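The structure under discussion appears below in the form of structure tokens.
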Amino acid sequence: MDDADSHVAWLETKLAARERTIAALMRRVQSDQAHGGSAFVFLEQNVVLEQGIAKRTLELAAQKLALEEALSELRTTHAKLVQAQKLEAIGHLAAGIAHEINTPAQYVNNNTVFLQRAFAQLLAVVDSCLAVVHAAGSGPVPVELIAEADVVVRNARVDYLRHQVPRALEQSLDGLRRVTTIVSAMKDFSHPSAGEKQLVNLADAVQTTLTVARNEWKYVAEVETDFPEDVPSVPCLRDEFNQVVLNLVVNAAQAIGEANNDGADGLGKIRISLRREDDFVTLRIADTGRGIPEGIQQRIFDPFFTTKPVGKGTGQGLAIAYSVVVDKHRGSIRFESELGKGTTFIVSIPIVDDGQRRPKLP
């Protein structure tokens, strides 16, 4: 849990304690009044006590208001921090997404230019053949006209176009499908959930995130997925779960990149699986990086903790992942790591969201 969440919990506990103090004082007054008594001393003590309670009540009310304002401010700040991290991630992905779109768009453009030229050549062939047909309808076809048509057909390289035009069309359609897939994935990835949980197929959510983040991992790793069809959908904040997956996949790719010299020593592996485990759906994201040193394993979910150089990491990714999984979904997030072999992050999301479920213990 990050510092903001800890502070919020502390403020809520302190506020509840204040309210219990007020309630206890009021019960004491009511108890004294119920026992009656006509002694002047009792009345005087009662008046003093009531005055003290009134004063203390005002003080506690002021403190309660201050605590509520501080609590509201902390929640607002935390929400802004989460949104800023999401926007930062999307901004970081923008260049990669542009590259992913540019590649198929480029060969769609090249094929379109080719098809434009091919159409002009084939149209010339059609025109020359029509001229021969029209001439044949009036009598013998002039030899010159036949020779001219033969030249046009040979120059058009009809046999070549017969094979290349269908290929160009198929490549163009494939490129357009890739662009459509990327744009659709980006739309799904960034679509806000407005704080309302909906049943989400986690396999679809993971695949969407992999598509959006493809430029982050494709140069250093191959991705293997294992998503059984019997894994149920879960109540989830889709955009925030996508953010968790993105953070874990990017971390895995960076860990592998450090281990294989950014792909120069061969591609690593990112293995992603989903399983139903009791009342939870569990996501595992495993990498073949160097692993996490034991000395820092207790700190990796701490806000602002990062082992990356300045400018390459803010230390917010795993802290926000923890907050999203544990605080917002009542699930759990943990990891297993071995130096020289890699790390596996394990995220469990409850299948039923009753608002009271205890997090799954590691």
Side-chain angles (χ1 to χ4, degrees), residues 90-191 201 203-225 227 229 238 242 246 249 253 262-264 266-267 270 272:
I90 292 174
H92 178 72
L93 291 173
I97 292 171
H99 177 74
E100 288 295 307
I101 291 177
N102 182 67
T103 300
Q106 187 62 47
Y107 63 72
V108 167
N109 179 73
N110 294 340
N111 283 337
T112 302
V113 172
F114 165 74
L115 290 170
Q116 185 180 42
R117 293 173 179 170
F119 178 76
Q121 291 173 314
L122 291 174
L123 191 60
V125 170
V126 171
D127 288 341
S128 64
C129 291
L130 287 176
V132 171
V133 171
H134 289 318
S138 302
V141 179
V143 176
E144 297 81 4
L145 194 58
I146 295 175
E148 181 180 344
D150 182 61
V151 170
V152 171
V153 170
R154 280 188 283 107
N155 288 341
R157 297 184 299 170
V158 174
D159 288 340
Y160 172 78
L161 295 180
R162 188 191 306 274
H163 293 90
Q164 293 302 316
V165 167
R167 290 183 59 187
L169 288 171
E170 183 58 36
Q171 288 178 355
S172 297
L173 289 173
D174 180 64
L176 292 173
R177 283 192 291 265
R178 285 181 58 186
V179 171
T180 300
T181 298
I182 294 169
V183 172
S184 177
M186 190 61 194
K187 181 180 177 181
D188 289 343
F189 176 84
S190 59
H191 184 72
N201 183 320
D204 291 343
V206 173
Q207 198 60 59
T208 291
T209 306
L210 287 174
T211 299
V212 170
R214 186 171 184 270
N215 204 61
E216 297 292 322
W217 54 260
K218 70 176 184 178
Y219 299 109
V220 298
E222 296 176 341
V223 172
E224 297 178 355
T225 58
F227 303 151
E229 294 184 358
R238 184 184 180 107
N242 287 345
L246 174 65
V249 168
D262 290 331
L267 296 179
I270 299 176
I272 305 177

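Given the structure is predicted, the values throughout are model-derived calculations rather than measurements.
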Can Asp174 and Arg178 be counted as an ion pair, charged N to O under 4.0 angstrom? no
Within a 6.0 Å radius of atom CD on Glu224, are there more than 12 heavy atoms belonging to other residues, nucleotides or ligands?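 Yes, because the 6.0 Å sphere around CD of Glu224 holds more than 12 heavy atoms from other groups.
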When Val179 is tested against each of Ile182, Thr181, Val183 for side-chain contact (heavy atoms from CB on, under 4.5 Å), which residue passes?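 The single option meeting the side-chain contact (heavy atoms from CB on, under 4.5 Å) with Val179 is Val183.
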Are any non-hydrogen side-chain atoms of [X] and [Y] less than 4.5 angstrom apart?
X      : Y      : value
Phe227 : Gln207 : yes
Val126 : Leu130 : yes
Ile272 : Leu210 : yes
Ile146 : Pro142 : no

Phe189 side, atom CZ; Thr208 side, atom OG1 - distance, nearest 0.5 Å: 9.5 Å
What's the spacing between Thr209 OG1 and Asn242 CG if we round to 0.5 Å?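 These two atoms lie 4.0 Å from each other.
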Tell me which pairs pass side-chain hydrogen bond (donor to acceptor under 3.5 Å, both in side chains) where either residue lies in residues 133-146, with sequence neighbours left out. none
Residues 157-171 side chain polar contacts: donor-acceptor under 3.5 Å, at least two apart:
{"from": "His163", "atom 1": "ND1", "to": "Asp159", "atom 2": "O", "distance (Å)": "2.9"}
{"from": "Glu170", "atom 1": "OE2", "to": "Arg177", "atom 2": "NH2", "distance (Å)": "3.1"}
{"from": "Gln171", "atom 1": "OE1", "to": "Asn111", "atom 2": "ND2", "distance (Å)": "3.1"}

Side chain to side chain contact (heavy atoms under 4.5 Å, CB included) partners for Asn215, two or more places apart: His99, Glu100, Lys218, Tyr219
Side chain to side chain contact (heavy atoms under 4.5 Å, CB included) assessment of Ile97 paired with Met186: CA-CA 9 Å; Ile97 292 171; Met186 190 61 194; 3.3 Å; yes
How close do [X] and [Y] get, counting heavy atoms only, and between which atoms?
X      : Y      : value
Gly175 : Val108 : CA-CG2, 4.1 Å
Ala253 : Ile270 : N-CD1, 4.0 Å
Leu145 : Ala135 : CD2-CB, 3.5 Å

